[in-house]
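Keep in mind that what you see is a predicted model, and the values were worked out from it rather than measured. Every heavy atom of this structure was used, including side-chain atoms; hydrogens, water molecules and symmetry mates were not. Numbers restart at 1 for each chain; the letters A, B, ... are given by sequence-line order, proteins then strands.
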Number of protein chains: 2
Amino acid sequence: MVKPMTDTGRRRAGLRTRPGPSLADVAARAGVSAQTVSRVSMGTANVRAETRARVLAAMDELGYAPNSAARALRSGSYGTIGMIAHRLSRTGESRTVEAVVEAARAEGFTVTLVDVESPSSDDVSAAATRLSHQAIDGLVIIRAETATPATLVLPPRLPVVVSDSRFVGHHPAVGADQTAGGRAAVEHLLGLGHRTVHHLAGPEDSTPAQVRAEAWRDALEAAGRPVPDLLRGDWTADSGYALGREVARDPDVTAVFCANDEMAAGLMRALHEAGRDVPGDVSVVGFDDIVLAAHLWPPLTTVSQDFAEIGRALVDLLLRQVREGTSLADVHTLVPVRLVVRASTAPPAA
Amino acid sequence: MVKPMTDTGRRRAGLRTRPGPSLADVAARAGVSAQTVSRVSMGTANVRAETRARVLAAMDELGYAPNSAARALRSGSYGTIGMIAHRLSRTGESRTVEAVVEAARAEGFTVTLVDVESPSSDDVSAAATRLSHQAIDGLVIIRAETATPATLVLPPRLPVVVSDSRFVGHHPAVGADQTAGGRAAVEHLLGLGHRTVHHLAGPEDSTPAQVRAEAWRDALEAAGRPVPDLLRGDWTADSGYALGREVARDPDVTAVFCANDEMAAGLMRALHEAGRDVPGDVSVVGFDDIVLAAHLWPPLTTVSQDFAEIGRALVDLLLRQVREGTSLADVHTLVPVRLVVRASTAPPAA
DNA sequence: CAACAGGATGTTAACGTAAACATCTGTGGG
DNA sequence: CCCACAGATGTTTACGTTAACATCCTGTTG
């Protein structure tokens, strides 16, 4: 019986594969066995220098690239992390994505990205299932805002981390210390002499928005100050602008803590248009420290989150699970935040 | 000879695989052949409804998830696009990434992301090689700014698109019509009555920066206006601020076209600080239409790029190559831009 | 009633790789 | 001088899947 050839020409036509040369092709050209080529390809075992050179030359001539599917099938590891995000061009999201990609690269992993229409359990669950059909070793979920631990269904046996503290106890989580950030913002404004602080909040169904609002309320109550009605925004500068027009009409408002920088920008624009001075008439604090925060007018006092650290922590927590085969469901990493004081806050007018 | 078992227990220990049940396990449980399970899994061929139900039940009980490595090895397609980007939390980058992910999803593809330290040929080439070792069907390169067609080495046989018009003729490219955008910005300012327009440019080694600067120069020359010295920034708001302090001292400057919105924000801040009114004393135009552009003070007139369309075009061009096995090296898709006039531009003071 | 069509299902083989084991080569010590 | 040993290399096999082909069954039709 003829031994089946493995040369490049004989590939089946129907496959829309990209039919590069295989180990066997390189082996034939270099006059060695496929296993030796594999060893050179992985850079592992003992191969004579001259043999290695011959194999490398053959690889080069044939334009050999290892077939990752076969390699993964054989080795059981893909070198890839899956990541689910929602509206990933937003500041926090894109910076977290960047940080995770960066941290993953440092560990030799690449990142496969999926964005979901909505941060609901259904959409996130579906995305997770879809990703688990791809080649991934683990899964990072960025801010599954409206999903809950009870309704979020994840593929079995797949290591997961979530950047949402609500999932503590269900999945390992990493998050910025939003509570400390909110408290710091409020205390900074009270420390300047403001009687109380208003809050421009994010959407009701968002966990970070809830946490920041709670921190605001707690800090006011702890200081024995009156707690004004909360202003409900939706993260966008537009909503900040709309609510800012109301704020501008209310002379009682001297200090506003905004749940993110974009709403703060909208708010400040509304104040400018109404002829109210920032920080002369109204002090404004944001949250996120977006790139432009320092160059808004006036430069915005805000709470800075260390996205790089969050990314590293997410990847670290995930890869520990991937490598050890364990689950770290009860681990919760809290990354500190930092209040950056700029020119948008000042003592209230006498 | 005993037929080798394929049950879940007998897996080798050394492999850090995630040893889910296989087709064979499901088949055994459902009392059918592996092939039938495969058919159900793919949803393709004719399977009796009752059999299908039994197989689905077995899958469910065992928590079966298809092994994508094996599937890809067999079928030759991964359902994944590779993407290389630089500093991907920047506005243009993150919005392009989002658009590509979105467009890819619509085609049933996921996206594997790699960011590079620098947009140089070396780094991009290395990233491409690294990605080609991963499971990808094609490659999208976002703004390989300092790389050149001559020095950029890509894996053979891998379909590629580049969002950089310099690569036309070498690789299929998609880009916004930056020239038209720059021209529109300058003509808008001249149309308001300004004698000439200054330009705050991006870094020298960036193609988009070059193209925008060229468009600025051409538009001025076409109108027979003097061409002032170009102000060289680096995309950051900080550089815009630094150059803005000089601009603020020069009463001849009445109109500035900035190569991106962030530099425009820095510039406007410097003008505010110097007591120069925008647009009363100086008109400012940006480029990109970032989310905050409408809420800067004053709201920024800028050139809006259709990132969603760019993403769609990139994915379309790439998948056509993946599916047809052809290269479309000479295709160049130019996506139109749109000038958005807001409050940062006005006729010059009398 | 027999042959047949056509759908449902099973069997075989191969995708490219890497682990495990087998074999070969040269070297040094007894 | 021979054998033990170690390093280099080859051979075999299995990873989980799907294409191709083979087979089986059911109902229909001449």
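When rounded to the nearest whole Å, the span between CG of B:Leu23 and P of D:dT17 equals 4 Å. Rounded to whole angstrom, the span from the CZ atom of B:Arg54 across to the C1' atom of C:dA8 amounts to 12 Å. Residue B:Asn67 contributes atom CG, which lies 6 Å from atom P of D:dT17 at whole-angstrom precision. Put simply, CZ on A:Arg52 is 13 Å from C1' on D:dG7, counting in whole angstrom units. Whole-Å rounding puts the A:Tyr64 OH to C:dT17 C1' distance at 8 Å. In this structure, B:Asn46 places its CG atom 20 Å from P of D:dC24, rounding to the nearest Å.
Nucleotides of DNA chain C nearest to A:Ser68 and B:Val32 differ in position, and the one nearer the 5' end is that of B:Val32.
Checking the phosphate oxygens (OP1, OP2) of D:dC15, no side-chain nitrogen or oxygen of B:Ser22 falls inside 4.0 Å. Applying the 4.0 Å criterion to OP1 and OP2 of C:dA18, one finds that A:Ser38 has a side-chain N or O inside that range. For A:Arg71, a side-chain nitrogen or oxygen approaches OP1 or OP2 of C:dA18 to under 4.0 Å. Between A:Thr36 and D:dG10 there is a side-chain N or O to OP1 or OP2 distance below 4.0 Å. Residue A:Thr51 places at least one side-chain N or O closer than 4.0 Å to OP1 or OP2 of D:dT9.
Counting only N and O atoms by type, the side chains of B:Arg71 and B:Ser41 include a donor and acceptor under 3.5 Å apart.
Under 4.0 Å is where a charged nitrogen must lie from a carboxylate oxygen, and between A:Arg29 and A:Asp25 no such pair does.
Applying the 3.5 Å distance criterion, the base of D:dT18 shares a donor-acceptor pair with the side chain of B:Arg74.
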